[in-house]
**Q** 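Quick one: the structure is below, questions incoming.
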2 protein chains.
Amino acid sequence: MSSRITLPKKIFVSVDSVIFGYRDRQLFVPLFRRRVQGGGEPFPDCWSLPGGPLLDGETFEAACRRKLEEDIGLKIEYLEQLYTFGAPERDPRDRAISVSYFAFIRWPENPLVAGRDAREARWFPLDAIPTGPFAFDHREILDTAIQRLRGKLLYQPIGLNLLDDEFSMADLLAIYEAVLPRKLDRRNFSKKILSFKLLTPSRVVARARGRPTQLFRFDRKIYQSLQREGFSIGT
Amino acid sequence: MSSRITLPKKIFVSVDSVIFGYRDRQLFVPLFRRRVQGGGEPFPDCWSLPGGPLLDGETFEAACRRKLEEDIGLKIEYLEQLYTFGAPERDPRDRAISVSYFAFIRWPENPLVAGRDAREARWFPLDAIPTGPFAFDHREILDTAIQRLRGKLLYQPIGLNLLDDEFSMADLLAIYEAVLPRKLDRRNFSKKILSFKLLTPSRVVARARGRPTQLFRFDRKIYQSLQREGFSIGT
DNA sequence: TCAAAAGTGTTATATGTACACCCATGC
DNA sequence: GCATGGGTGTACATATAACACTTTTGA
């Protein structure tokens, strides 16, 4: 007889995401402020990550997309599983585990919508995450995601998923500098990236003052092979 | 009102582990053969990873250790979360998700014990994993672990957790060669490893024929800093 | 005394790093 | 015409890769 039927109590499974977006040479993360008036919900007025319960018959990824694309209106460009958090006391109500995901979007045209469960929704730059209290262990999840971002950009070309179809080398560089502890040399960075043959020049456009910028597109085929094989930036 | 209380049906959470051990210049993984006579249990006679349900109030890691150390008698030297598998149909009975872990042990003195749920327990070398059917998605979990192993050895010194207190450079090299697709140059490998100042020579012993071997120990402090900062082997 | 295992050194090549200069634009 | 942002090239330092010879033992 299976022990699984009797032993453990019901466990709630939620899927929460840390989403990264890029704009104006900065990386942003959306956070949602939970409602104040409780109704049994813990952590009133705290900041939280977008997420919710895993529904019957739904994959983790589908749950992510349902929440992010349908509820919040973000188009996901890149999605990977981050980590599963399950400390016994992380939810004061019941045993609850959170399968967390890590996502990139292109900067959306529309502002964030707060949705039913939140009273406020805001993009925060990585260097100005709110210091106020977070719901559950969402602060830890966020920190884990930032760490993963830092590590992963260095050996996979995933940063490209943060950019528009056409982008400048300076924008790509800015993503790295927003995440890494140090500055990179603009010239060496450019040479390195171009050496992968990943980018093809598209147009030259005038942005603000200064010399016009070369825009690039990236090649999906080469992207995928670099994604598999790995590359290396900035050592 | 919380939607979490009504919406999803009960989800079973299990914690499964892929364990790596090193012996005789080869890497091994323990697999367990499930019993034949069913009793409601699916996948009779299939190979499976050690694991079981997450109990109330127990962390994932504690569940791993309970299963591996208490039930199977292995002493875990290194443990990290691998991935969480949750395809809706992975368990024919109910919705079930598996939080999987990745572990290293030192080669145990005692043989594997099969435990209650298994009719056979065996160590398999990585290049001779059984081709027969696996329970659930355990084959996929195993493959994910091997991939992770391959990637992670290159930039973290975790391989040392597979070895005894004292070990030879040839043993360390063999771990890398068992996992990587290619051979490494013995001389360059040795220079590289020694350059980290991670190893201190202990004794010189005669093994079989040939010149006696220098044994080393590793420095826990330096290990930890390399673990944090990362290193790089074999590029 | 020979073969197996292990230790040590040198050199060419590739890669990374640190730079300085020129170009095209908006103000 | 000058400050700003962007493009390109070169010399130097460092890391990796390829490779050969010697040492010490057991059989």
Side-chain angles (χ1 to χ4, degrees), chain A residues 22-26 153-155 157 163-164 166-178 180-217 226 229-235, chain B residues 22-26 153-155 157 163-164 166-178 180-217 226 229-235:
Chain A
Y22 171 77
R23 190 195 165 199
D24 291 342
R25 314 265 144 118
Q26 274 196 299
L153 279 181
L154 294 177
Y155 65 92
L163 297 168
D164 291 333
E166 294 183 305
F167 54 88
S168 70
M169 193 62 79
D171 278 323
L172 187 56
L173 174 63
I175 291 177
Y176 282 84
E177 294 197 324
L180 297 179
R182 67 213 142 88
K183 294 275 165 252
L184 298 175
D185 184 275
R186 173 178 66 89
R187 298 155 292 189
N188 292 333
F189 178 81
S190 168
K191 262 179 294 185
K192 188 69 187 258
I193 297 284
L194 292 174
S195 78
F196 298 131
K197 308 284 180 200
L198 170 63
L199 304 188
T200 52
S202 60
R203 296 180 300 145
V204 174
V205 296
R207 304 267 249 188
R209 74 217 112 216
R211 184 172 170 172
T213 312
Q214 175 69 59
L215 298 185
F216 297 91
R217 295 168 174 280
L226 283 174
E229 321 286 327
F231 70 174
S232 169
I233 297 274
T235 307
Chain B
Y22 172 78
R23 190 193 166 200
D24 291 343
R25 313 267 147 118
Q26 274 197 298
L153 280 181
L154 294 178
Y155 66 92
L163 297 168
D164 291 333
E166 294 183 307
F167 54 88
S168 70
M169 192 63 79
D171 279 323
L172 187 55
L173 174 63
I175 291 177
Y176 282 84
E177 294 197 325
L180 296 180
R182 67 212 142 89
K183 295 274 167 251
L184 298 175
D185 184 275
R186 173 178 67 88
R187 299 157 289 187
N188 293 334
F189 178 82
S190 167
K191 263 178 290 184
K192 189 70 187 260
I193 297 284
L194 292 174
S195 78
F196 299 131
K197 309 282 179 200
L198 171 63
L199 305 186
T200 53
S202 59
R203 297 180 299 144
V204 174
V205 296
R207 308 267 246 186
R209 76 213 110 223
R211 183 169 172 172
T213 313
Q214 176 69 58
L215 298 184
F216 297 91
R217 296 168 174 278
L226 283 174
E229 321 286 329
F231 69 176
S232 169
I233 298 272
T235 307

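If you're wondering where the values come from, they're calculated on a predicted model, not measured in any experiment. Numbers restart at 1 for each chain; the letters A, B, ... are given by sequence-line order, proteins then strands.
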**Q** Using the closest heavy atom to pick a nucleotide of DNA chain C for each, name whichever of A:Gly210 or A:Arg187 lands nearer the 5' end.
**A**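 It is A:Arg187 whose nearest nucleotide is closer to the 5' end.
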**Q** Between C1' on D:dG7 and CZ on A:Phe216, what's the gap in Å once rounded to a whole number?
**A**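 Nearest whole value for this atom pair: 10 Å.
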**Q** Contact class for B:Arg209 vs. all strands (heavy atom < 4.0 Å): base, sugar-phosphate, or nothing?
**A**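 Sugar-phosphate, no base atom in range.
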**Q** I'd like to know whether B:Asp171 forms a side chain to side chain contact (heavy atoms under 4.5 Å, CB included) with B:Thr213, so could you lay out the CA-CA distance, the side-chain angles of the two residues, the decisive distance to 0.1 Å, and finally the verdict.
**A** CA-CA 10 Å; B:Asp171 279 323; B:Thr213 313; over 6 Å; no
**Q** Check every strand shown and say whether B:Arg207 touches a base, only sugar-phosphate, or nothing at a heavy-atom separation below 4.0 Å.
**A**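 Result for B:Arg207 = nothing.
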**Q** Can you tell me if B:Lys192 touches the phosphate of D:dA15, counting only side-chain N or O atoms and a distance under 4.0 Å to OP1 or OP2?
**A**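 Negative; the distance criterion is not met.
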**Q** For B:Arg25 and C:dA4, give me the distance from atom CZ to atom P, rounded to whole Å.
**A**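 Atom-to-atom, B:Arg25 to C:dA4, this comes out as 15 Å.
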**Q** Do A:Leu172 and A:Phe216 make a side-chain contact, defined as non-hydrogen atoms from C-beta onward lying under 4.5 Å apart?
**A**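 A side-chain contact under 4.5 Å is absent here.
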**Q** Considering non-hydrogen atoms only, spot the tightest contact between A:Leu199 and A:Phe167 and give its length.
**A**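 Scanning both residues completely, I find the closest heavy atoms to be CD2-CZ, 3.7 Å.
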**Q** Just how far, in rounded Å, is P of D:dG7 from CG of A:Asp185?
**A**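 Whole-Å distance recorded here is 14 Å.
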**Q** Whole angstrom is fine here: how far is it from CZ in A:Arg186 over to P in D:dT4?
**A**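 After rounding, the reported distance stands at 14 Å.
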**Q** Starting from the 5' end of DNA chain D, give me the residue, A:Asn188 or B:Arg211, whose nearest nucleotide shows up first.
**A**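 Nearest-nucleotide comparison on DNA chain D picks A:Asn188.
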**Q** Between A:Leu153 and A:Tyr176, what is the shortest heavy-atom contact and its length?
**A**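 For A:Leu153 versus A:Tyr176, the nearest heavy atoms are O-OH, 3.0 Å.
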**Q** Please state how far atom CG in B:Leu194 lies from atom C1' in C:dG9, giving the value in whole angstrom units.
**A**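 It works out to 14 Å between those atoms.
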**Q** Taking NZ from B:Lys191 and C1' from D:dA18, how many angstroms apart are they, rounded to a whole number?
**A**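 For the pair B:Lys191 NZ and D:dA18 C1', the rounded distance is 9 Å.
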**Q** Got B:Pro201 and B:Leu215 here, is their nearest side-chain heavy-atom distance under 4.5 Å?
**A**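 Sidechains of B:Leu215 and B:Pro201: no contact.
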**Q** To the nearest Å, give me how far apart CZ (A:Arg182) and P (C:dG16) are.
**A**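 These atoms are roughly 12 Å apart.
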**Q** In whole Å, what is the span from the CE atom of A:Met169 to the C1' atom of D:dT8?
**A**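 So the CE-C1' distance, A:Met169 to D:dT8, works out to 12 Å.
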**Q** Can you tell which of C:dA6, D:dG6, D:dT25 lies closest to the side chain of B:Thr213?
**A**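 Of the options given, the side chain of B:Thr213 lies nearest C:dA6.
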